[in-house]
Amino acid sequence: MARILITSALPYINGIKHLGNLVGSQLPADLYARYMRARGHEVMFICATDEHGTPAELAAAKTGEPVADYCARMHGVQKHLADGFGLSFDHFGRSSSARNHALTQHMAARLAEAGLVEEVEETQVFSPDDGRFLPDRYIEGTCPACGYDKARGDQCENCTKQLTPRELLDPRSAISGATNLEPRATRHLYLRQSALRERLDQWIDSQRGWPILTTSIAKKWLHDGDGLQDRGITRDLDWGVPVRRGDAPWPGMEGKVFYVWFDAPIEYIAATAEWADAHGLPDAAWRRWWRTDQGADDVRYVQFMGKDNVPFHTLSFPATLMGANHDGTEPWKLVDYIKSFNYLTYDGGQFSTSQGRGVFMDHALELLPGDYWRWWLLSHAPETGDSEFTWENFQASVNKDLADVLGNFVSRVTKFCNARFGAEVPAGGDYGPLEHAAGDEVAARLAAYARHMEAMEIRKSAAELRALWVIGNEYLQEAAPWSTIKTDPEQAQAQVRFALNLMRIYAVVSRPFVPDAAARIMAALACADWSWPDSPAQALDALPVGHAFTVPDVLFRKITDEEREAWAARFAGLRA
RNA sequence: GGGCCCGUAGCUCAACGGUCAGAGCAGGGCGCUCAUAACGCCUUGGUUGGGGGUUCGAAUCCCUCCGGGCCUACCA
């Protein structure tokens, strides 16, 4: 039994996430967590809402709520949606938790001790009308290069030119439109990542088998131009972790908070502490996952994220943890494997939160239960490149894979048995060559499935799982118990018994992908034996003869052409 | 501008230097009737974006062109 720590990139608190966000981190992380638990490993699966930063403040201002209230409410909404998609976090924390405040401040203190924090005076744009400093991208103006009048202070979206706010013509606040902007001096802390460049580079080099996407992005940042740049880790905001040096004040940093990208990854650790608190466990309970000197030396740590998150997870966060262990007294667990994803596109374009283009988590669950989405999203996960969501494809996958191949198998077996032998596992006959051949095939497919799951090859895993389901239909066609029963009822009983046992195996191995359907199959079988079919031959005899079951309702319903068309029209633009 | 990724059957993808380039869906034919008109079997279909090169051998390596996407550090 291994110990596996799994984190999913933290969804930002600002609004409801779309399916692209879901498939890029939380969903595959959940798949892996569920699989590893099913194989009997000890799993700690952590996620949380990422609650700090300017967008959260603005979103709260828009609804008229205090930002803390807004975040608390949205955390609840996201938690509810996560449940709807069956995300099996051991803890779904909040980056605004007391634990994260303390740990972030602690990490900053350790980094300062290590000489890795530098105070830098710089000039930022202040907007008196908004009462705040404006991040570059919250300043709009006319692009000096192309004349586009909605260029942002970091880049012109029209001509892609990199800009600084002072280059913009007629700059204004993107928040209020105020043109009364003034440069103002401010001091900030910088994390001296550059000092750790060699170590980070070697660390990345020492990793084996990471996705090209992961390493190429890390390498780009390490070696591009002047190499890894130092990074500001504080901001002039109200909402966030106050800048303190551990328990002590940080002179000169009064009224400032840590930058959200500094505190967000630390929340992975803090959320594990929140988990321990929630269960009344001592600190040792979470430290054994995160401190290699306190039990985490045998932990395998895997992170899941979209490609936009890679730089922070390959560089900034490791730099934080390495720096915090400058004197060897705080060996924090570094990630062992980073599974990164490309983007999911929607009908040829991007999912857009601002334009309401695409399907969002709340609306998805209004249309269909989580399992339907889980199956499509995971079996089309954007692993090698961006992948595209289309309603036609979604309909085809759901109807064919879930309803016809898996759902109908369950249906035909249970209904036939119930009609001919009654609702219990029939006792007659013995398995013969047909059953042994099918059993061997199950064993072979299962081994391939396990290989792909271990390797986090998600689409391949899905394909293999589907192939497992197909075996059931192939077997039935060949065994044809509806014919056998006429000449050899005993043999027909054995055939049905075999199929019922196959059903249980399907429930167990499909659970990571479609947990609700798996649970319904097991409920129908009145079975609580979720043990993994390590020996398929044995597992095909798991249900005791005479064991009563019930015929389940339709496992997956089909999506009609009318529905598909209506949904496509509804989600084409402008979110309601 | 620079960097990275991708371009393989109508569609979604696999094969990552070596038997006739595979699978699912869609299309065509046959079979079965237990089942959500479901299932099974067979089958049509590709000069692997174009061109050049390396090699005994290339979808796979190199160069170049075309097309799509992403990143480029103060959104997170």
Side-chain angles (χ1 to χ4, degrees), chain A residues 9-14 21 50-56 58 122 124-125 133-139 152-155 160-162 164-165 188 193 211-213 215-217 219-221 223-225 228-232 235 259-261 264 306-312 315-316 342-343 345 348 350 379-380 382-388 390 392-393 395-397 399-405 407-420 457 459-460 462-463 466-467 470 472-485 492 495-496 499 553-558:
Chain A
L10 307 187
Y12 196 66
I13 195 68
N14 172 19
N21 299 131
D50 177 13
E51 304 193 357
H52 297 139
T54 308
L58 297 180
E122 57 194 13
Q124 297 270 327
V125 176
F133 282 93
L134 298 177
D136 289 359
R137 67 160 39 208
Y138 283 100
I139 301 163
R152 291 190 322 215
D154 55 344
Q155 184 173 38
T160 74
K161 183 180 166 57
Q162 305 273 315
T164 64
H188 280 296
Q193 300 183 127
I212 297 170
L213 190 63
T215 48
S216 66
I217 291 173
K219 284 292 180 180
K220 174 73 192 315
W221 282 52
H223 299 295
D224 191 42
L228 188 61
Q229 302 296 298
D230 293 340
R231 200 172 179 100
R235 290 292 183 273
Y259 177 39
V260 46
W261 258 115
K307 58 186 168 187
D308 51 335
N309 275 331
V310 168
F312 304 98
L315 304 169
S316 306
N342 288 281
Y343 293 139
T345 60
Q350 291 196 349
S379 61
H380 294 80
E383 289 177 297
T384 52
D386 290 351
S387 66
E388 183 180 4
T390 66
E392 288 78 9
N393 195 312
Q395 179 193 30
S397 287
N399 290 359
K400 207 66 206 169
D401 301 344
L402 295 181
D404 292 346
V405 178
N408 185 51
F409 173 75
V410 168
S411 183
R412 64 196 295 206
V413 171
T414 52
K415 284 184 178 171
F416 181 79
C417 182
N418 184 48
R420 303 307 182 93
E457 295 268 20
R459 283 185 309 205
K460 287 179 184 172
R466 186 190 192 280
V470 167
N473 287 308
E474 288 172 346
Y475 167 78
L476 282 183
Q477 181 65 29
E478 202 168 350
W482 49 89
S483 298
T484 314
I485 194 170
Q495 291 170 341
V496 168
D553 292 334
V554 166
L555 211 52
F556 296 101
R557 74 175 187 84
K558 295 206 185 194

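Keep in mind the model is a prediction, meaning the values are calculated, not measured. Here is the naming used below: chain letters follow the sequence lines, and residue numbers restart at 1 for every chain.
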Listed by chain and number, what are the salt bridge (charged side-chain N to carboxylate O under 4.0 Å, His left out) partners of [X], not counting sequence neighbours?
X: R466(A); answer: D401(A)
X: K558(A); answer: D404(A)
X: R137(A); answer: D154(A)

Are any of [X]'s side-chain N or O atoms less than 4.0 Å away from OP1 or OP2 of [N]?
X: R466(A); N: C25(B); answer: yes
X: R412(A); N: A38(B); answer: no
X: K307(A); N: C4(B); answer: no
X: Y475(A); N: C34(B); answer: no
X: Y259(A); N: A76(B); answer: yes

Kindly indicate whether the side chain of Y259(A), heavy atoms from C-beta on, has any atom under 4.5 Å from the side chain of R231(A).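 SC-SC contact between Y259(A) and R231(A) confirmed.
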Please state the [atom1] separation for the pair [N] and [M] - nearest whole angstrom.
N: U55(B); M: G40(B); atom1: P; answer: 49 Å
N: C62(B); M: G68(B); atom1: C1'; answer: 23 Å
N: G50(B); M: G10(B); atom1: P; answer: 13 Å
N: C20(B); M: A59(B); atom1: C1'; answer: 16 Å
N: G7(B); M: C30(B); atom1: P; answer: 38 Å
N: G2(B); M: C65(B); atom1: P; answer: 11 Å
N: A21(B); M: A14(B); atom1: C1'; answer: 10 Å
N: U8(B); M: G22(B); atom1: C1'; answer: 11 Å

Base, sugar-phosphate, or nothing: which does [X] touch, judged by heavy atoms less than 4.0 Å apart?
X: V470(A); result: sugar-phosphate
X: L555(A); result: base
X: E51(A); result: nothing
X: E474(A); result: sugar-phosphate
X: E478(A); result: nothing
X: P55(A); result: sugar-phosphate
X: F409(A); result: nothing
X: D308(A); result: base
X: K400(A); result: sugar-phosphate
X: V554(A); result: base

Short heteroatom pairs, N/O only, protein and nucleotides 9-16 of chain B, under 3.5 Å:
residue: C13(B); atom: O3'; partner: R459(A); partner atom: NH2; Å: 3.3
residue: A14(B); atom: OP1; partner: T384(A); partner atom: OG1; Å: 3.0
residue: A14(B); atom: OP1; partner: R459(A); partner atom: NH2; Å: 2.5
residue: A15(B); atom: OP1; partner: K460(A); partner atom: NZ; Å: 2.6

Distance check needed: [N] [atom2] versus [X] [atom1], whole Å only.
X: K219(A); N: C71(B); atom1: NZ; atom2: P; answer: 22 Å
X: E392(A); N: G27(B); atom1: CD; atom2: P; answer: 14 Å
X: Q477(A); N: U33(B); atom1: CD; atom2: P; answer: 9 Å
X: K220(A); N: C4(B); atom1: NZ; atom2: P; answer: 9 Å
X: Q495(A); N: C34(B); atom1: CD; atom2: P; answer: 14 Å
X: N473(A); N: G24(B); atom1: CG; atom2: P; answer: 14 Å
X: L134(A); N: C75(B); atom1: CG; atom2: P; answer: 12 Å
X: F556(A); N: U36(B); atom1: CZ; atom2: C1'; answer: 12 Å

Does F416(A) stack onto the base of C34(B), taking stacking as ring centres under 5.5 Å apart and planes under 30° apart?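 No, F416(A) does not stack on the base of C34(B).
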Nearest listed nucleotide, side chain of [X], among [options]:
X: P135(A); options: A76(B), C74(B), A38(B); answer: C74(B)
X: Q229(A); options: A73(B), U33(B), A76(B); answer: A73(B)
X: S411(A); options: A35(B), C70(B), C74(B); answer: A35(B)
X: W221(A); options: C25(B), U36(B), C71(B); answer: C71(B)
X: W482(A); options: U36(B), A76(B), C32(B); answer: C32(B)
X: A403(A); options: U36(B), A73(B), C32(B); answer: U36(B)
X: R137(A); options: G40(B), C74(B), U36(B); answer: C74(B)

Ring pair (Phe, Tyr, Trp, His ring centres under 6.0 Å) partners of [X], counting only residues at least two apart:
X: F556(A); result: Y372(A)
X: F312(A); result: W261(A)
X: F416(A); result: none
X: H380(A); result: W376(A)

Considering only heavy atoms and no angle criterion, is a donor-acceptor pair shorter than 3.5 Å present between the side chain of N408(A) and the base of A35(B)?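 By the distance-only test, yes, there is a pair.
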Whether [X] side chain and [Y] backbone form a donor-acceptor pair below 3.5 Å:
X: Q193(A); Y: Q229(A); answer: yes
X: Y475(A); Y: A480(A); answer: no
X: D50(A); Y: P11(A); answer: no

For RNA chain B, what are the stems built from at least three Watson-Crick or G-U pairs in a row, each pair having both distances below 3.5 Å?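 Ordered by first number, the stems with RNA chain B (at least 3 consecutive pairs each) read B:1-7 with B:66-72, B:10-13 with B:22-25, B:27-31 with B:39-43, B:49-53 with B:61-65.
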Closest-nucleotide ordering on RNA chain B, the 5'-leading residue of G53(A) and K415(A):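 Nearest nucleotide further toward 5': that of K415(A).
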For P481(A) and Q495(A), work out which heavy atoms get closest and say how close.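 Closest approach of P481(A) to Q495(A), heavy atoms only: CA-OE1, 3.2 Å.
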Work out which heavy atom in A492(A) is nearest to a heavy atom in T484(A); give both atom names and the distance.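 Answer, listing the atom of A492(A) first, then T484(A): N-CG2, 3.7 Å.
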For E478(A), look at atom CD and say whether over 12 heavy atoms of other residues, nucleotides or ligands are found less than 6.0 Å away.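 No, because the 6.0 Å sphere around CD of E478(A) holds 12 heavy atoms or fewer from other groups.
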